Engineer: 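The following block contains the structure, expressed as structure tokens.
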Amino acid sequence: QVQLVESGGGLVQAGGSLRLSCAASGRTFSSYAMGWFRQGPGKEREFVAVIRWSGSTYYGDSVKGRFTISRDNAKKTVYLQMNSLRPEDTAVYYCAADPNNRGSYYSSGYRYWGQGTQVTVSS
């Protein structure tokens, strides 16, 4: 079993920045693809970013150029640096792990999930 614990969410003004962290425990982390998803009020879960075992990354269109995903395998932690935040970025952000390292665009491709952390961007 893999446990994922997120932190770093909060309230921020539009144009500001936040860095989310997701700490993993149990089993192997380094070989997993790690993704971030978000779900705003009344919206479906949306793909944000993924980083694969190789270190390759992919971003959703709505965040590309503003968000950066990274990982520290020694710390078993994945990060999401969020810059130039907009009110529409307001959502619960979830980290997810894919032991098969596919790093899918779809949430169904991930086996393990964190509890979510709230990000609120005010105008």
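Note that this is a predicted model, so its numbers are computed, not measured.
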Engineer: Give me each pair satisfying disulfide (SG to SG under 2.5 Å) with a member in residues 36-86, each pair once, sequence neighbours excluded.
Structural biologist: none
Engineer: How long is the straight-line distance from CZ of R52 back to OH of Y58, given to the nearest 0.5 Å?
Structural biologist: 9.0 Å
Engineer: Less than 4.5 Å apart, any side-chain heavy atom of V48 and any of F67?
Structural biologist: yes
Engineer: With sequence neighbours excluded, what pairs up with S123 under the side-chain hydrogen bond (donor to acceptor under 3.5 Å, both in side chains) test?
Structural biologist: none
Engineer: Distance-only check: which donor-acceptor pairs under 3.5 Å involve side-chain atoms of residues 101-108, not counting sequence neighbours?
Structural biologist:
unit_1	atom_1	unit_2	atom_2	d
N101	OD1	A33	N	3.3
N101	OD1	W53	N	2.7
S104	OG	Y106	N	2.9

Engineer: Could you check L18 against V119 for side-chain contact (heavy atoms from CB on, under 4.5 Å), going step by step and ending with a plain yes or no?
Structural biologist: CA-CA 9 Å; L18 284 174; V119 172; 3.9 Å; yes
Engineer: Would a single hydrophobic cluster contain both V63 and V50, if residues Ile, Leu, Val, Met, Phe, Trp and Tyr are joined by side-chain heavy-atom contacts under 4.5 Å?
Structural biologist: no
Engineer: To the nearest 0.5 Å, how far apart are OG1 in T68 and CE in M82?
Structural biologist: 11.0 Å
Engineer: Could you measure the distance from the CG atom of L80 to the CH2 atom of W36? Nearest 0.5 Å is fine.
Structural biologist: 6.0 Å
Engineer: What pairs with F37 under ring pair (Phe, Tyr, Trp, His ring centres under 6.0 Å), at least two apart in sequence or on another chain?
Structural biologist: F47, Y110, W113
Engineer: Might you work through the side-chain contact (heavy atoms from CB on, under 4.5 Å) test for V2 and Y32, ending with a clear yes or no?
Structural biologist: CA-CA 11 Å; V2 174; Y32 293 6; 3.6 Å; yes
Engineer: By the side chain to side chain donor-acceptor pair (under 3.5 Å) test, which pairs, at least two apart or in different chains, include something from residues 73-92?
Structural biologist: S17-N83, R38-D89, R66-D89, R71-N73, Q81-N83
Engineer: What closest approach, in Å, do A91 and Q118 show between heavy atoms, and which atom pair accounts for it?
Structural biologist: O-NE2, 3.4 Å
Engineer: Side-chain polar contacts of residues 3-13 - donor-acceptor pairs under 3.5 angstrom, sequence neighbours left out - could you list them?
Structural biologist:
unit_1	atom_1	unit_2	atom_2	d
E6	OE1	Q115	N	3.1
E6	OE1	G116	N	2.4
E6	OE2	C95	N	2.4
Q13	OE1	S122	OG	3.3

Engineer: Judged by atom type as modelled, is there a donor-acceptor pair below 3.5 Å linking the side chain of Y59 to the main-chain atoms of I69?
Structural biologist: yes
